[in-house]
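The residues of the chain are indexed from 1 along the displayed sequence. One-based numbering, in listed order, for ligands and for the atoms of each. Because only heavy atoms are used, hydrogens play no part in the values below, and waters and symmetry mates are left out as well, while side chains stay in.
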Amino acid sequence: MEYDFREIEKKWQKRWAERGTYRVKEDPSRPKYYVLDMFPYPSGAGLHVGHPLGYIASDIYTRYKRLKGFNVLHPMGYDAFGLPAEQYAIQTGQHPAVTTERNIARYREQLDKIGFSFDWDREVRTCDPKYYHWTQWAFLKMFGSYYSYDENRAMPIERLVEAFDRSGTEGLNVACTKELSFTAARWKAMDEAEREGVLQNYRLAFRADTLVNWCPELGTVLANDEVKDGLSVRGGYPVVQKRMKQWLLRVTAYAQRMLDGLDTLEWSDSLKEIQRNWIGRSEGAQIFFGLKGFDEKLEVFTTRADTIFGATFMVLAPEHALVGKIAAPEQREAVERYIEETKKRSERERMADTKRVSGQFTGAYAINPFNGTEIPIYISDYVLAGYGTGAIMAVPAHDSRDYAFAKHFDLPIIPVVEGGDLSVASYDAKAGRMINSDFLTGMDVKEAIPAMIAEVERRGFGSRRVNYRLRDAIFSRQRYWGEPFPIYYKDDIARPLAEDCLPLELPPIENFGPTAEGEPPLARVEGWQTPEGYPYELSTMPGFAGSSAYYLRYMDPHNDSELVSKRANEYWRSVDLYVGGIEHATGHLMYSRFWNMFLYDLGYVCEPEPFRKLVNQGMIQGRSNFVYRVKGTNRFVSLGLKDRYDTQEIHVDVNMVRGDVLDLEAFRRWRPEYADAEFELEDGKYVCGWAIEKMSKSMYNVVNPDQIVRDFGADTLRMYEMFLGPLEQSKPWDTNGIDGVHKFLRRFWRMFFDRDGRPVVTDGEPTADELKVLHKTIKKVTEDIENFSFNTSVSAFMICQNELGALKCTKRAVLEPLAVLIAPFAPHIAEEIWEKLGHEDSVFDARFPEYDERCLIEQSVEYPVSFNGKVRFKKSLPAALSPAEVEAAVLADPAVGKYTEGRTPKKVIVVPGKIVNIVL
Ligand code: ANZ
């Protein structure tokens, strides 16, 4: 019987499910290991071959750890709320719950076919009320907390209220939106609404006016990457910067801890660097400048306090609160025009565009606190409202953007650092002479900055400041298919639902778009209010809400009274290995660290970091094909002819193309608009263009794993995906080698069974050479798995099979361990072999073989023996012999006499392990 992968895979998938082979529970007698995949968003397109890449790698690791004696948690679920399902609903009227359910069923079927060792009893779906109960619960906890920098952790908001009652804001060292100052008496005099307004300034989940990308046409806020050139990427509708009340999470409170925590993680340096940059810690000073004619001070943030004497103008973000106040009457109109212009640009565009210089003089002047110089104040969009203080002192001699601005507006440029001698730093522009050189003379920049900050502090002009680029996370979306907020409004005050009212379930709905007034879809739901008649919040939570704590829920997925019990959490602790895409570096991987640290502060989880080790799998790219349409016609020209016309490149489905030649009929059938397409051919063929791109439905270059599983089996797919190249690298999908991997598995099978499927294994003692092949392979594969170098393991198996084949090895003592060794990679064939070799339990209840160093040593050496440089015969000798012993053994060989012909050798040269030369 040949290797019948169809039967074998079906049989074992069924048996694993029946036996619950992959079900795990807490077992204090065994060490635990937690392997997690980033759970998928179940899109309508199903899985393509790129998706399982990471899942296969983590599955190999899971099975390996299990064979090594660990109790391995390896769960899977679905990130099931999200925009595509909602968009689809708006277009087709199909409820997202229905399409999501259908897509999940399809994903599950595809995943099952690949033979993953997921514990499906622990499945979670973020759109399931039993699940989002705990997302809402965490939100309530954040709403009820503030962050104390003295304690360096989140604390119940009641403690803050007590502090206000006692001493107002005196001595407060907590995270906030803006610094407030009031006395206990003032606090006590506040009414409920005013108090809540104050508390929102400190809560970790809070509501605030924020600048958002608002698209009136789509009726929703858009993320930065959904906006380009002031238009929505989808639809091309105008997007404006708008102040809106939004829910936010005070992620910034955790900036320093998230930065410090990175040092404790086994993540790649590049991923850590991305997070470090995202957090963007920056040390400097906050300095107050006077304002000519006003009592207010202008506060700037600078990393180069030492350059203050070179500040020849000030720049405020156009949104800065003081602009309206200080703008001189004759500049007002121009200032307002400029502010309007700025509203059209997103913050990201403003940051990215370093070439365009624009701005507007306000007519106002700031006063340098050191020397009283009057400095003109401008507004410009290169200063961002949300960073630092939204205002800068501009030093054109030392900052390139300030320089460009000074050139453009013809402002003075005064160098203040020359040759490292900072005595010139004390240049008084008005007096035209140096002052204050006493505290900076002779210092280089590194010394001058702290010295200057000390001086600023001494004179009361400002103080040292650490700034973070990280922003609080905007947490509301004007959409339907997400978690409802457990919030209602009474007297216009946002109030939390009681915990025992959770989950607050998403109500059914028929029309998924925003209302005519631009309100979120939930505004359409009659009775979307508490039993007492108070309206609920209308927006829903964003995509990252549900994925922020899912790894915790897997530990205890059926618990109705807690997110995760102490017992389960203390056993599984945190994720030991997390496999997923690098694209989540600044989204999910930041939010979930924040979320976890918050729960840690409150004592709900026992580890401060959620993901100890993280591996980013590379992307599988697709090979896309293109056709070329002559613009404005329905005529398509072959690749070689395209430059003769003005053409438009259009992606075509790779399934209609073979060897880059288009199937014309299939193309005509593809879309109604192409039904009467005309073609201009080359040599009777339509040749398509091609490119290697991300594998994606929108590029029509998707290859489906189902087809491969059908034709070659899941074990082949698994090994082949690993064989494609190093896990962490991106690589194009290419089916050329798949046959080779499949043939290898057939040969592997034939090592164990004859044509009739009868085992051919024998019980004899293995030879040293056989043992060496086995142990060499065990060593290599073990090291490879530990290093996530799965592609080289696959080659090691191929080499092993070749070598044992050459030795005609049939020994059970060699072949049986090999079946265990390959089980993580090709679990179905391994189980079948294991069973046929007479085992009743699963191969995954066996132990992973250990290699024996002694078997790796060369046991014997075959010495070529030459006479006067001519090789005459070969002699096999134990490798351990000394040169003298080799010489003696060779000379004792009867064959020697034939070549010496009675002469006594003059000299015998032994190169240990290599050759023996007899000189006559
Ligand atoms: C004077 C100066 C002189 C500056 C000099 C730099 C170089 P990072 O490292 O990113 O924190 N800045 C401050 N707030 C800003 C805002 N809201 N929008 C745009 N720019 C802002 O950089 C901080 C520096 O960026 C600050 O130091 C400030 O310019 C500018 F030779 O002040 B500096």
- Message: Given Tyr202, which partner from the list Tyr146, Phe164, Tyr147 fulfils the ring-ring contact (aromatic ring centres under 6.0 Å, His included) test?
- Response: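 Single pass found, and it is Phe164.
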Please tabulate, one line per pair, the protein N or O atoms found under 3.5 Å from any N or O atom of ligand 1, giving the distance to one decimal.
unit_1: ligand 1; atom_1: 10 (O); unit_2: Arg469; atom_2: NH2; d: 2.3
unit_1: ligand 1; atom_1: 11 (O); unit_2: Ser282; atom_2: OG; d: 2.5
unit_1: ligand 1; atom_1: 11 (O); unit_2: Tyr387; atom_2: OH; d: 2.4
unit_1: ligand 1; atom_1: 17 (N); unit_2: Leu384; atom_2: O; d: 2.8
unit_1: ligand 1; atom_1: 17 (N); unit_2: Tyr387; atom_2: O; d: 2.9
unit_1: ligand 1; atom_1: 18 (N); unit_2: Leu384; atom_2: N; d: 3.0
unit_1: ligand 1; atom_1: 27 (O); unit_2: Thr302; atom_2: OG1; d: 3.4
unit_1: ligand 1; atom_1: 27 (O); unit_2: Thr303; atom_2: N; d: 3.0
unit_1: ligand 1; atom_1: 27 (O); unit_2: Thr303; atom_2: OG1; d: 3.2
unit_1: ligand 1; atom_1: 32 (O); unit_2: Thr302; atom_2: OG1; d: 2.7

- Message: I need the full list of salt bridge (charged side-chain N to carboxylate O under 4.0 Å, His left out) pairs touching residues 384-404, with sequence neighbours left out, sorted by first then second residue.
- Response: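 Found none.
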- Message: By the salt bridge (charged side-chain N to carboxylate O under 4.0 Å, His left out) test, which pairs, at least two apart or in different chains, include something from residues 310-326?
- Response: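 Listed by first then second residue: Glu296-Lys325, Glu319-Arg350.
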- Task: May I ask you to check whether Phe313 and Phe361 place their ring centres under 6.0 Å from each other?
- Result: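 No, they do not, as the ring centres are separated by 6.0 Å or more.
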- Message: Determine whether the aromatic ring centres of residues Phe139 and Trp247 are separated by less than 6.0 angstrom.
- Response: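 Yes.
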- Message: Going by the rule ring-ring contact (aromatic ring centres under 6.0 Å, His included), which residues pair with Phe461 if we only count those two or more places apart in sequence or in a different chain?
- Response: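 Here the qualifying residues are Phe370.
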